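Keep in mind it's a predicted model, so treat the numbers as computed, not measured. Both backbone and side-chain heavy atoms feed into the values below; hydrogens, waters and symmetry mates do not. To find a chain, count down the sequence lines: A is the first, B the second, and so on, and within it residues start at 1.
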Amino acid sequence: MNIFRLAGDMTHLLSIIVLLLKIQATKSCAGVSLKTQELYAVVFVTRYLDLFYSFISLYNTVMKIIFLLTAFTIIWYMRKHKVVCQTYDKEQDTFRVLFLIVPCFVLALLVNHEMSVTEVLWTFSIYLEAVAILPQLVLLQRTKNVDNLTGNYIFMLGSYRALYLVNWVYRYFTELGYRQWIVWVSGTVQTCVYLDFFYYYVQAWRNNERMKLPG
Amino acid sequence: KRSSKQKDEL
């Protein structure tokens with residue numbers, strides 16, 4: 001474990017906590033894409049199957065369980081909570097997620113480290129995570145309202161993978177033979193998807209004004 | 001095949 005990866009994991013955890021707090025405190029999920037939350041739940045389920053058969057460390061196990069539980073809690077709030085579910089923008093959150101899931105699954109069948117069920121599902125989760133934020137970014141463009149907490153959530157979610165990029169560079173130079181091409185390429189694509197958002201987020205922060213997205 | 005040290009990340 002290195003400081004970049006720990007910072008990445010903590011940023012990821014913090015992003016989820018911020019979203020949960022926003023939903024719990026304001027009893028509203030306005031501006032939040034349920035599709036992105038469901039895609040992330042799929043990412044965690046398909047990636048953390050090894051919870052059942054391999055123990056890596058207490059930290060690894062605890063974090064996986066936290067990510068799974070928080071992902072399903074957010075989905076429960078947005079689908080079932082009597083007050084919160086009324087604030088969900090169903091008409092605007094219309095991204096066709098099958099156009100993300102099917103290509104990622106086909107790619108995982110074609111490009112993977114090993115042709116086994118768990119390995120293909122793990123690879124699928126790596127590809128899917130790279131595009132899971134798209135429904136959320138599209139929703140932001142449509143609704144224009146980027147409330148502060150949702151903006152912070154997306155910024156931290158993008159930042160965690162950028163910190164992982166630094167972690168991979170660090171490990172490449174410090175651990176002989178450490179290679180993870182699939183994860184590296186996918187993680188780079190994932191970070192690039194956020195670049196446009198980062199630009200407008202930092203601009204709003206510098207001008208100390210509410211974040212607004214172009215027309 | 002991924003080695004165990006390649007499987008230690010979240």
If we ignore hydrogens and angles and just use 3.5 Å, is the side chain of [X] paired with the main-chain N or O of [Y] as donor and acceptor?
| X | Y | result |
| --- | --- | --- |
| Glu38(A) | Lys35(A) | no |
| Asn60(A) | Ile56(A) | no |
| Thr188(A) | Trp184(A) | yes |

Discussion item. Do Leu137(A) and Ile154(A) make a side-chain contact, defined as non-hydrogen atoms from C-beta onward lying under 4.5 Å apart?
Written reply: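 Yes. Closest side-chain heavy atoms under 4.5 Å.
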Worksheet item: Any side-chain heavy atom of Leu128(A) within less than 4.5 Å of one from Phe105(A)?
Response: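 Leu128(A) does not reach Phe105(A) side chain to side chain.
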Discussion item. Nearest 0.5 angstrom please: Tyr40(A) OH to Ile133(A) CD1, how far?
Written reply: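 If we round to the nearest 0.5 Å, Tyr40(A):OH and Ile133(A):CD1 are 6.0 Å apart.
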Worksheet entry | salt bridge (Lys or Arg N to Asp or Glu O under 4.0 Å) assessment of Lys1(B) paired with Glu119(A) | CA-CA 9 Å; Lys1(B) 190 167 170 32; Glu119(A) 198 57 28; over 6 Å; no
Worksheet item: Between Arg179(A), Glu175(A), Arg171(A), which residue shows the highest count of heavy-atom pairs closer than 4.5 Å to chain B?
Response: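 Maximum pair count with chain B is reached by Arg171(A).
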Worksheet item: Given a strict heavy-atom distance threshold of 4.5 Å, which part of Phe44(A) is in contact with chain B: side chain, backbone, both, or neither?
Response: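 No part of it gets close to chain B.
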Fill in: Region of Asn167(A) that comes under 4.5 Å of a non-hydrogen atom in chain B
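Side chain of Asn167(A) only, per the 4.5 Å heavy-atom cut-off to chain B.
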Item to complete: For chain B, find its close neighbours in residues 2-33 of chain A: heavy-atom separation under 4.5 Å, sorted by number, or none.
Response: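 Hits under 4.5 Å: Arg5(A), Asp9(A).
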